Amino acid sequence: MLPFKLVYSDGYYLPIGAHVFPAEKYRRIRDRLLETGVAEASDVLEPQPATDQDILLVHKPEYVHKLKTGTLSPREEMELEVPFSPELVKAFWLAAGGSILAARQALTDGVAISIGGGFHHAFPDHGEGFCMIHDVAVAIRRLQRDDKIRTAMTVDCDVHQGNGTAAIFAGTRTESEPLPSAGPSTLASSPWSTPPKGKIRGAHAGDVFTISLHQANNYPQWKPPSSIDVDLPDGSGDDDYLAWLDNALSSGLRQFEPDLLCYIAGADPFTEDQLGGLSLTIEGLKRRDELVFRVARARDIPVMVTFAGGYARNVEDTVTIHCKTAIAAKEVFAAKK
Ligand SMILES: [Zn+2]
């Protein structure tokens, strides 16, 4: 049995036909976790769809109306990059409900994983890059509305910048002091004394602090500023990536104390990814997950996890990377503190 819950529904499947986005990955991750004994059936919770009221905490009424009535313009549908259907709308409402459930569950158990979600390219008034609804933002706003949390931090490790997240939570941000290029490590045992090549940009945040580590030279072309953006050069590997992540987490947590950490655990920094240009290994990605979980647990910050992108040439690799995120959570959260 896991020391936390997985949130999953067969309804997470995105009905988008043959597509670079492997919509069947969700079911395959759930199946693999059960078949390999990492999880038991009783570890899995079935979410309810978010309500329209929940969705409207983040998204504009005009946009929600267009989605519910199937009246997106051809241009808006093109930007979404997945074929519109009423079934797709349902799947995104469910993904948002799953993230709300995972966020609530994280407050109870310390961590929870939705085997889906992480649609970080959705904006209040439009969707893009396979993302119709920003499930993570909806979950944060819903928990804030319910007075369960006041503040949150997003840690986005998808290879693509979290442009929707940055735009939604831009809030009252003002330019801040440049971040130190290297600060005290979050982990005493960190092997890195100086960060490798790359670029870190920072700006002050409102009630949600956003961190994004991504390939600089990749979609989205326009990257609205997150609280901390780490723009990684093409081909960055495990050690450089982990050093930057450690640096960004320690910088972020020096500036901000979140009540909830939303970890967007994209599988697409993988070296074999078709839409990514970084060079992380499967083992490096697991070390990435462990780092986020260890830092959060050491500070008693609940973590909700969503899976975001993953486009490995071999879909089995994508499934393996996501399963290892659950295994990393199990190892970190089952261990004695
Ligand atoms: Zn991505």
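A quick note: this is a predicted structure, and the numbers were derived from the prediction, not measured. Read the numbers this way: they start at 1 and go in the same order the structure lists the ligands and their atoms.
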Pair Phe119 and Phe92, ring centroids less than 6.0 Å apart: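 Yes, the ring of Phe119 comes within the 6.0 Å limit of the ring of Phe92, centre to centre.
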Between Phe130 and His19, ring centroids under 6.0 Å: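 Yes, the ring of Phe130 comes within the 6.0 Å limit of the ring of His19, centre to centre.
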Arg288 side chain to Cys157 backbone, donor-acceptor under 3.5 Å: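 It does hold such a pair.
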Backbone or side-chain N/O/S of His120 under 2.8 Å of the Zn ion (ligand 1):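 Coordinating: no.
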Which atom of [X] approaches the Zn ion (ligand 1) most closely (N/O/S):
| X | value |
| --- | --- |
| Asp158 | OD1 |
| Asp268 | OD2 |
| His160 | ND1 |

Side-chain donor-acceptor pair present, Asp135, Ser99, cut-off under 3.5 Å: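 Result is yes, a qualifying pair exists.
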